[in-house]
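Lettering of chains follows the sequences in order, A, B, ..., and the numbering in each one begins at 1.
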Number of protein chains: 2
Amino acid sequence: MRLFSTVDRSTVLKARHSRALEAGQAIYQAGGDGMAWRVRHGVVRLDTPTAKGETAFASLAIAGDILGCETMLFGCYTFTASALTHCELAPWPEGEPATAGESLLESLAIAQRRAADVVALRGGQAVDRVIGLIRLLTDGAGKVVLPTRQDIADITNLRFETISRIIKSLERAHVLAPLKIEGVHATRSFSVDFAPLAG
Amino acid sequence: MRLFSTVDRSTVLKARHSRALEAGQAIYQAGGDGMAWRVRHGVVRLDTPTAKGETAFASLAIAGDILGCETMLFGCYTFTASALTHCELAPWPEGEPATAGESLLESLAIAQRRAADVVALRGGQAVDRVIGLIRLLTDGAGKVVLPTRQDIADITNLRFETISRIIKSLERAHVLAPLKIEGVHATRSFSVDFAPLAG
DNA sequence: CGATTCCTTGAGCAACCTCAAAAGCGGTGG
DNA sequence: CCACCGCTTTTGAGGTTGCTCAAGGAATCG
């Protein structure tokens, strides 16, 4: 039983090690060739080329999500991927093909769930969308590293000025606490505490 | 928030045969038990329960998409599904498990592509969103059966009054042509010609 | 230091929402 | 057949959210 189609395994195997990325770094380009990954840590932004030659936000990939699996079918990436925060990627598929069916099914379910999350980030009041995104990005310890205002704007379908106003107001309301992390680019690593807020 | 009419459910869980559904009909409920389907024809709306006990639009499933595969993992549906147009569903997985890996991988790629489409329907100018949805729903012959104004509003994150105004204006601009179909409820089967329009 | 990039803040405006009323359409019962 | 009911759609008037345009501040890097 052959699970996956005609991918040149020899070259793939060469590069089969995990990748660590900084915030803002490009991962791969739509149309390009490469392998598939699973997101271990961090948040990845996916963009799709539009009719006008531009590129528009398409989706998010968070820890657990599969990235670029379409190359295994079509031989090229559908989306352009870039790291929104510090990221760690692991080659995919990872292990024994014995459980590949289960794993794939789970990945499909996760993908649908994630899609619903992203859709939710584009509806409702502006503040709620931003808070929704922050929730999605917050780790177990209540810490979150925010992407740039422009990235947040693209994801929530708002303008970066609006994002700036909203985040400032959340800080002033002590919902978000600015908290600088050392050793990282300051403008990109605007790190914060996030007090969940009722709801 | 959606209300579902009292559809006869007695036949729903009987057997692994294809299902035909009318526009507006409920397919399954979030949390309920059942099987997975592939959409053969038509458009299915997926809703997710929200914090406030209501239910909000989550995604669309169109011909080729997998529906409710998460029951195979969790034993219950994550979303609530209902038919937006006349639909035909086939049991899934369909055939020999030999090609299950390929098929699953393809389904995953399709799901991610579809998610990007839906996200795109929630960004940009109101008219463009509505036109984008109409494009997504238009068949090869340039015909489209529109869902209710309220459904379109939920999908595009607009109000139904806004949808009404937009569709009326598209008709007056001869982009959409009202064209009644026989043998179907008129309010739901508002059918139209769709002249693609540059872009 | 200058160049670049990102963030903040303000003032005015437009797109879209809200609320309200009425009309169309199909079904039901007298 | 007509009157009525429930539901969807249409249309209007006015209000609000979030956008646009503009200017300036802060941090990074060569």
Notebook entry, point to check: L176(B) CG to dT10(D) C1': how many Å, rounded?
Noted result: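 Atom CG in L176(B) sits about 16 Å away from atom C1' in dT10(D).
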Check: N157(A) has an atom CG; how far is it from atom P of dG18(D), in whole Å?
Finding: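 Going from N157(A) (CG) to dG18(D) (P), I get 11 Å.
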Note to self: Nearest heavy atom decides the nucleotide; on that basis, is V127(A) or E161(A) closer to the 5' end of DNA chain D?
What the structure shows: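 The answer here is V127(A).
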Check: Considering heavy-atom distances to DNA chain D, does K168(B) or R129(A) have its closest nucleotide positioned more toward the 5' end?
Finding: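 Comparing both residues, the 5'-ward one is K168(B).
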Check: Among L46(B), L136(B), D117(B), which residue meets the side chain to side chain contact (heavy atoms under 4.5 Å, CB included) test with L60(B)?
Finding: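 The option that passes is L136(B).
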Does a side-chain N or O of [X] approach OP1 or OP2 of [N] to a distance below 4.0 Å, or not?
X	N	value
R159(A)	dA14(C)	no
T148(A)	dC6(C)	no
S164(B)	dT9(D)	no
T162(A)	dG18(D)	no

Check: Has the side chain of R165(A) got a donor or acceptor that lies under 3.5 Å from a partner of the other kind on the base of dG10(C)?
Finding: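 By the distance-only test, yes, there is a pair.
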Item checked: R45(B) side-chain N/O to A83(B) backbone N/O, donor-acceptor pair under 3.5 Å ->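 The answer is no, because no donor-acceptor pair under 3.5 Å joins these two groups.
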Notebook entry, point to check: Picking from dC19(D), dC16(C), dT9(D), which would you name as closest to the side chain of F160(B)?
Noted result: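 Of dC19(D), dC16(C), dT9(D), dT9(D) is nearest to the side chain of F160(B).
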Next item on the list: Remember a base hit wins even if backbone is also touched, and classify L158(A) as base, sugar-phosphate or nothing at under 4.0 Å, heavy atoms.
Entry: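 The residue L158(A) makes sugar-phosphate contact but no base contact.
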